[in-house]
2 protein chains.
Amino acid sequence: MADINDNTKSITKPRGRPQAFNQEDALEAALNVFWSRGYEGTSMAELTEALGINKPSIYAAFGNKEELFRQALARYVAGPAAFVTEVKNQVTARQVVESFLLQAADFFSNKNTPSGCMIVQAALTCGRGSTVVQQELMAYRKRYEESFIARFELAKIQGDLPQQVNSQQLAKYVATIHQGMSVQASSGATREELLAIADMALKNWPTN
Amino acid sequence: MADINDNTKSITKPRGRPQAFNQEDALEAALNVFWSRGYEGTSMAELTEALGINKPSIYAAFGNKEELFRQALARYVAGPAAFVTEVKNQVTARQVVESFLLQAADFFSNKNTPSGCMIVQAALTCGRGSTVVQQELMAYRKRYEESFIARFELAKIQGDLPQQVNSQQLAKYVATIHQGMSVQASSGATREELLAIADMALKNWPTN
DNA sequence: TTATTTATTTACCAATCGGTATATAAATAA
DNA sequence: TTATTTATATACCGATTGGTAAATAAATAA
């Protein structure tokens, strides 16, 4: 029997005038602006300029400024910042954190992208009208921290992290280094300087 | 002979209508708004509300928004954040940093003041029109870092810090912890959590 | 008292903010 | 062709931004 929701024939061309821009490219351009200027520091005027698209087209494609920011943020997490999730596949907790901080040093000082972490910087402070975005970024940071806690608990079970280690504290310590490095990067710290910071923080790894 | 610029007789009352508000109190109120909302996140409307003064009086007393911010920042440095300078009077480098990070933990989590460090948060990202303020805050951070470098060099001369220590790297490490703690505090970290981070960072102190 | 000086209040300014109504252009469907 | 659908460009919206002109109030000086 034929499926009523059969969409296999949707190879047919869409009905009206085709979009004149590549939506992924536009989203990446928006990401770069939000990443370097923050949420409130980015104006719709600057976005139209950077995307090469007029405002009504942006609103038709992405909703509004806040929605565009959310989609840009999702792209940031899945794209340039994906290493933060991937490092958890390292075999030991120590290797996870080493890989995390060293890659962060590279990432934050990459001259082809804005300096520092978008999730840390995009709305640390903001006006009354943007507290929703501010809290969403806080929630992102909290979730990342919790994922490190879970990884450390796993490491304790697997035996590569001492039982007496406080996973919450260790995760908060690692997150703090990461966030501090982000501030340093946006203040002009070089790759070498960031690597030296990461090295120093890693000297501090708990042992039996 | 009488000094032409003799101002000793300036006990005389000023000429016109007296200021109806206490300028120091107003500046402190402005500091609190800028501290919690950042430079761009603070509007003149919110300032008039917080200071209880109309805009023309603010402009007459402080210049403009940018100047008011600068004066509030100077008050921040000389007042609540004065401990950052004072800790350098501790006798050893190790004591300087310990005192610095533990006091920062207290300071950032003080419930009577905004969370985190104004110099870190007030303009990490901003719109095109505020890059001057952004760079001034960067310069503040750089100066603080340099003052720690100088203190560590002194400690090496005084013999309480090993000669092979790289003062630049150590100062950058300490600054990174501080800045990371600031982000943590503005994300809701408690005093105890911040103290645990500081303790962990201090475990890492260089020895012979 | 009257003149002068300074601060406050009110009302306003141009520019910019995020967001949209309207008209037109470019595609497919019939 | 004509109708329908969707995207574009232009021009505009009310609200808010930082900042000020003008009128009034409160003090001292003469």
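Order of the sequence lines fixes the chain letters, A, B, ..., with proteins taken first and strands second; residue numbering starts at 1 for each chain. The figures here come from the full heavy-atom set of this structure, side chains too, leaving out hydrogens, waters and symmetry mates.
Between B/E40 and A/R15, the residue whose closest nucleotide on DNA chain D is further toward the 5' end is A/R15. Projected onto DNA chain C by closest heavy-atom contact, B/P18 and B/P56 fall at different nucleotides, the more 5' of which corresponds to B/P18.
Here the two rings, on B/F107 and B/W35, have centers that are under 6.0 Å apart.
A/A20 comes within 4.0 angstrom of the backbone, heavy atoms only, and of no base. Within 4.0 Å of B/T42, counting heavy atoms only, lie sugar-phosphate atoms of the nucleic acid but no base atom.
Between A/N22 atom CG and D/dT8 atom P there is a gap of 12 Å when expressed in whole angstrom units. Atom NZ of A/K65 and atom P of D/dA15 are 19 Å apart (whole Å). Nucleotide C/dC12 holds its C1' atom 14 Å from the OH atom of B/Y59, rounded to whole Å. Remark: C1' of D/dG19 and CG of B/L68 are 14 Å apart, rounded to the nearest angstrom. Residue A/F62 contributes atom CZ, which lies 12 Å from atom P of D/dA7 at whole-angstrom precision. Between the CD atom of A/E67 and the P atom of C/dG18 there is a distance of 16 Å, rounded to whole Å. Atom pair A/R17:CZ and C/dA26:P shows a separation of 5 Å (rounding to whole Å applied). Atom CG of A/N64 is separated from atom C1' of C/dC17 by 14 Å (rounded to the nearest Å).
Using a 4.0 Å cut-off between charged side-chain N and carboxylate O, B/E145 and B/K142 make no salt bridge.
A/Q179 and B/Q184 are linked by a side-chain donor-acceptor pair at a separation below 3.5 angstrom, with hydrogens and angles left out of the test. Side-chain polar atoms of B/S99 and B/Q95 form no donor-acceptor pair below 3.5 angstrom.
Neither OP1 nor OP2 of C/dG19 sits under 4.0 Å from any side-chain N or O of A/K55. When the side-chain nitrogen and oxygen atoms of A/N54 are compared with OP1 and OP2 of D/dA9, one or more of them lie within a distance under 4.0 Å. For B/S57, no side-chain nitrogen or oxygen approaches OP1 or OP2 of C/dA7 to under 4.0 Å.
Pairing each heavy atom of B/A105 with each of B/R191, the nearest pair is O-CG, 4.3 Å.
Pairing partner, C/dA30: D/dT1, with both Watson-Crick or wobble hydrogen-bond distances short of 3.5 Å.
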